[in-house]
Amino acid sequence: MSYQQIKYQQSNYQQVKIMGILNVTPDSFSDGGKFSHFDSALKQVESMIEHGVDIIDIGGESTRPGAVDVSEQDELTRVIPLLKAIKENFTVQVSIDTSKTEVMEQSITYGADIINDVRALQNEGCLAVLAQCDIPVCLMHMQGMPRTMQTKPEYTNIITDIKDFFNERIIACEDAGIAKSRLILDPGFGFGKTLEQNYQLLAQLAQFHSIGLPLLSGTSRKSMIGNLLNREVTERLAGSVTTAIIAMQQGAEIIRVHDVKETVDALKILQAVAQPFEE
Ligand code: 7PJ
């Protein structure tokens, strides 16, 4: 199915969920570490809820290109108290963006609703931890590792290569005792993809529906926007909302964004246009 074929069809967008990004890494690129302090993080959560967020995604490890590794203890210290506080004060769903078994395990104990792993549960022990619970898991595709992934991404066919990766990970999950119905797939915009490859993925996102699982799309403030438009990270709002709309039109169910208010506005417009009108 091409972008043109899916436009304005198939969906009234009622199922779309907005995932708001809450980075708690001091070097997080797009909010410059502004929310690394606990109170401002909680205020940010409150504001996202006010603007209609469905899921808060807490990330304690920076995966920006070139980022250095974060220790398990540092990640736990950043993520767990915040997860606890959000669960105590709000009813919003919380997703934890991590690749570490211990962070996954403790997050699940403290009530995480989703585990979001940019390494698709490939680190040792992750599959076993997730097999012990029944929450959803997002499996993201990445070629290479953050430090080097943008060096020279290469694919035979980016869509089928990523589909092969998803199918391999789905089988690994099922073999470990994680039901397919718990999985969410994400092609991983910016994770080992050239500018052109990122836009091909966005244009052809609907191709992944053939696997039969919900799709998550995260393009917010990324280099694929900055490099195309020649915009600094603070100037990428229009590009971010536009790519979010395209992902929704391609049938993505979860849209991961920094700018919740503007993306919820865009979604409401799509929903209004998708109503059945009299001829
Ligand atoms: C993504 C993510 C993404 C999922 C990050 C950033 C880098 N998780 N975590 N998908 N990106 N599922 O936000 O720019 O695209 S961290």
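Order of listing sets the numbers, starting from 1, for every ligand and every atom in it.
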Next on the checklist: Please tell me whether His141 and Lys163 have a donor and an acceptor in their side chains that are separated by less than 3.5 angstrom.
Outcome noted: no
Checklist entry - Judged by modelled atom types alone, do Glu75 and Thr98 share a side-chain donor-acceptor pair under 3.5 Å? => result yes
Give the atoms of ligand 1, by number and element, whose distance to some non-hydrogen atom of [X] is under 4.0 Å.
{"X": "Leu216", "answer": "12 (N)"}
{"X": "Asp186", "answer": "3 (C), 4 (C), 10 (N), 12 (N), 15 (O)"}
{"X": "Val118", "answer": "2 (C), 8 (N), 9 (N)"}

Next on the checklist: Under 4.0 Å, heavy-atom basis, I'd like to know which part of Asp57 is in contact with ligand 1: side chain, backbone, both or neither.
Outcome noted: neither
Checklist entry - Any N or O on Ser220 sitting closer than 3.5 Å to an N or O of ligand 1? => result no
Item to check | Partner residues of Asp265 under the salt bridge (charged side-chain N to carboxylate O under 4.0 Å, His left out) criterion, sequence neighbours left out | outcome: none
Next on the checklist: Applying salt bridge (charged side-chain N to carboxylate O under 4.0 Å, His left out), can you list everything that pairs with Arg256, at least two apart in sequence or on another chain?
Outcome noted: Asp57, Asp97
Item to check | Option of least heavy-atom distance to atom 13 (O) of ligand 1 (set: Met140, Lys222, Arg256) | outcome: Arg256
Item to check | Lys NZ or Arg CZ of Lys222 over Phe189 ring: under 6.0 Å, within 45° | outcome: no
